[in-house]
Amino acid sequence: MKDIRCAVIGIGNCASSFIQGLEFYKARDSREGLINDRIGPYGLEDIEIVCAFDIDARKVGLDVNEAIFAGPNNTLVFQPDMPKSGVTVMMGQVLDGVA
């Protein structure tokens, strides 16, 4: 079965928690705390972040695993040891509604 290739649009608090969570559970034998550790044939190990977009200059150009900790993000850091992912955050399209 092929991996789930995931693009992240907006490297904010939700993305930070999601990406930290992937690494947190991949690094442990326990899946305690997850409602489901498998959905059909897929598990956490099958999810791969392949591209990321943001419009904040503090995040664009950084590795996604570094950008998740950049301001103005303020979510809880529960997995501080994030390896380089090789995925660089690219500039997204600036639309209305941006402060």
Side-chain angles (χ1 to χ4, degrees):
M1 192 120 307
K2 291 185 177 183
D3 285 347
I4 298 171
R5 298 176 56 137
C6 182
V8 182
I9 301 177
I11 311 302
N13 289 321
C14 291
S16 179
S17 293
F18 173 64
I19 294 169
Q20 286 184 75
L22 289 175
E23 187 62 31
F24 179 85
Y25 284 107
K26 285 178 183 178
R28 287 161 179 73
D29 292 330
S30 172
R31 297 293 194 243
E32 185 177 341
L34 292 177
I35 293 171
N36 298 312
D37 84 340
R38 299 201 74 71
I39 297 177
Y42 297 105
L44 290 171
E45 65 279 357
D46 299 312
I47 300 172
E48 175 188 11
I49 306 297
V50 296
C51 67
F53 298 91
D54 204 282
I55 60 168
D56 193 314
R58 294 170 282 192
K59 299 173 186 181
V60 173
L62 297 178
D63 184 275
V64 70
N65 285 355
E66 183 181 351
I68 60 174
F69 301 123
N73 289 7
N74 61 1
T75 194
L76 176 69
V77 175
F78 58 89
Q79 182 63 33
D81 300 322
M82 297 291 291
K84 292 280 186 188
S85 71
V87 175
T88 301
V89 177
M90 296 179 284
M91 183 66 177
Q93 186 176 8
V94 179
L95 302 170
D96 62 340
V98 177

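Position 1 is the first residue of the sequence; numbering continues from there. What you are looking at is a predicted structure, and each value in this text was computed from that prediction instead of being measured. What's counted below: heavy atoms across the whole structure, side chains too, no hydrogens, waters or symmetry copies.
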Tell me, with the steps shown, if Leu44 and Leu34 meet side chain to side chain contact (heavy atoms under 4.5 Å, CB included).
CA-CA 10 Å; Leu44 290 171; Leu34 292 177; 3.7 Å; yes
Decide side chain to side chain contact (heavy atoms under 4.5 Å, CB included) for Tyr25 and Asp37; before the verdict, give the C-alpha distance in whole Å, the side-chain angles of both, and the deciding distance to 0.1 Å.
CA-CA 10 Å; Tyr25 284 107; Asp37 84 340; over 6 Å; no
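Remark: Pro41 pairs with Met1 by the side chain to side chain contact (heavy atoms under 4.5 Å, CB included) rule, at least two apart or across chains. In this structure Glu45 satisfies the side chain to side chain contact (heavy atoms under 4.5 Å, CB included) test together with Arg31, Arg38, sequence neighbours excluded. For Asp63, the side chain to side chain donor-acceptor pair (under 3.5 Å) partners are Ser85, not counting sequence neighbours. Partners of Lys84 according to the salt bridge (charged side-chain N to carboxylate O under 4.0 Å, His left out) rule, which considers only residues two or more places apart in sequence or in another chain, are Glu66. Remark: Glu48 engages no residue in a salt bridge (charged side-chain N to carboxylate O under 4.0 Å, His left out) (not counting sequence neighbours). In this view, Pro80 and Val77 satisfy the side chain to side chain contact (heavy atoms under 4.5 Å, CB included) rule, not counting sequence neighbours.
Note on residues 5-20: pairs passing side chain to side chain donor-acceptor pair (under 3.5 Å), not counting sequence neighbours, are Asn13-Asn74, Ser16-Gln20, Ser17-Thr75. The list of ring-ring contact (aromatic ring centres under 6.0 Å, His included) pairs with a residue in residues 56-82, not counting sequence neighbours, reads Phe24-Phe78. Listed by first and then second residue, the salt bridge (Lys or Arg N to Asp or Glu O under 4.0 Å) pairs that reach into residues 67-82 come to none, sequence neighbours excluded.
Gly71 approaches Arg58 most closely through the heavy-atom pair O-NE, 3.5 Å. The minimum heavy-atom distance linking Ala67 with Asn73 is given by the pair O-ND2, 4.2 Å. Closest non-hydrogen pair, Ile47 versus Cys6, comes out as CG2-CB, 4.4 Å.
Side-chain contact check for Leu22 versus Ile49: some heavy-atom pair is nearer than 4.5 Å.
Clustering of Ile, Leu, Val, Met, Phe, Trp and Tyr side chains at separations under 4.5 Å places Phe53 together with Ile9, Met90.
Note on Val50: it does not cluster hydrophobically with Phe18, by side-chain heavy-atom contacts below 4.5 Å among ILVMFWY residues. In the hydrophobic clustering of this structure, Ile11 groups with Met82; members are Ile, Leu, Val, Met, Phe, Trp, Tyr whose side-chain heavy atoms approach within less than 4.5 Å, directly or through other members.
Around CD1 of Ile39, the count of heavy atoms belonging to other residues, nucleotides or ligands within 6.0 Å does not exceed 12.
Side-chain atoms of Asp46 never come within 3.5 Å of backbone atoms of Ile4 as a donor-acceptor pair (strictly under, hydrogens ignored). Between the side chain of Asp54 and the main chain of Val89, no donor-acceptor pair closer than 3.5 Å is present.
Atom-to-atom distance recorded for Lys26:NZ and Gln79:CD is 11.5 Å, nearest 0.5 angstrom. Taken from CD in Glu23 to CZ in Arg28, the straight-line distance is 9.0 Å, to the nearest 0.5 Å.
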